[in-house]
Amino acid sequence: MYTTTDTVNRATQAPTKEAFVTIEGVSKVYPTPRGPYTVLKDVNLNINEGEFICVIGHSGCGKSTLLNMVSGFSSPTDGIVKVNGKQITKPGPDRMVVFQNYA
Ligand SMILES: Nc1ncnc2c1ncn2[C@@H]1O[C@H](COP(=O)(O)OP(=O)(O)OP(=O)(O)O)[C@@H](O)[C@H]1O
Ligand SMILES: [Mg+2]
């Protein structure tokens, strides 16, 4: 059985190069007037170039929070998001977003 953190070729079991998008140990905690609010905790995901991914979950589970960290509009509280081996620190022309709401 494989998990999203596997970095082996599923057919050959051989180690592969780093995935195109890597989300490593990512957590996101928002400060709120009622104290810290943990939305994501230790999220790990590898996406290879050309893969088509759907993130599914109930409203408020943190899908947009995760995508905002891949697009670079927001930073993880913990962990690292990398695209093509480069840590994401800000938005860039190599990524695009169709916003959920009028923006
Ligand atoms: N800036 C913020 N400060 C505090 N809480 C926030 C902030 N942004 C989002 N949240 C909260 O984080 C949680 C996750 O929000 P997010 O927008 O990522 O959910 P979602 O999975 O995209 O939901 P939906 O399916 O409704 O789009 C929600 O409870 C939301 O209220
Ligand atoms: Mg959303």
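Counting convention: from 1, in listed order, for ligands and their atoms alike.
- Taking Ser74 as the reference, Lys28, Asn68, Met69 meet the side-chain contact (heavy atoms from CB on, under 4.5 Å) condition, with sequence neighbours excluded.
- Side-chain atoms of Thr22 never come within 3.5 Å of backbone atoms of Asn46 as a donor-acceptor pair (strictly under, hydrogens ignored).
- Put simply, the side chain of Lys41 never gets that close to the backbone of Val29: no donor and acceptor are under 3.5 Å apart.
- Hydrophobic clustering (side-chain heavy atoms under 4.5 Å, transitive across Ile, Leu, Val, Met, Phe, Trp, Tyr) groups Val81 together with Val55.
- Pocket lining of ligand 1, defined as residues with a non-hydrogen atom under 4.0 Å away: Tyr30, Tyr37, Val39, His58, Ser59, Gly60, Cys61, Gly62, Lys63, Ser64, Thr65, Gln100.
- The two residues Pro76 and Val26 come nearest to each other via the heavy atoms CB-CG1, 4.0 Å.
- Around the Mg ion (ligand 2), the protein atoms of type N, O or S found under 2.8 Å away are Ser64 OG, Gln100 OE1, listed by chain and number.
- At distances below 3.5 Å, not a single donor-acceptor pair connects side-chain atoms of Asn84 with backbone N or O atoms of Phe20.
- The two residues Lys63 and His58 make their nearest non-hydrogen contact at NZ-O, 3.1 Å.
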Donor-acceptor pairs under 3.5 angstrom involving side-chain atoms of residues 96-103: please list them, not counting sequence neighbours.
from	atom 1	to	atom 2	distance (Å)
Gln100	OE1	Ser64	OG	2.8

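- The two atoms that bring Ile88 and Val70 nearest to each other are CG2-O, 3.7 Å, heavy atoms only.
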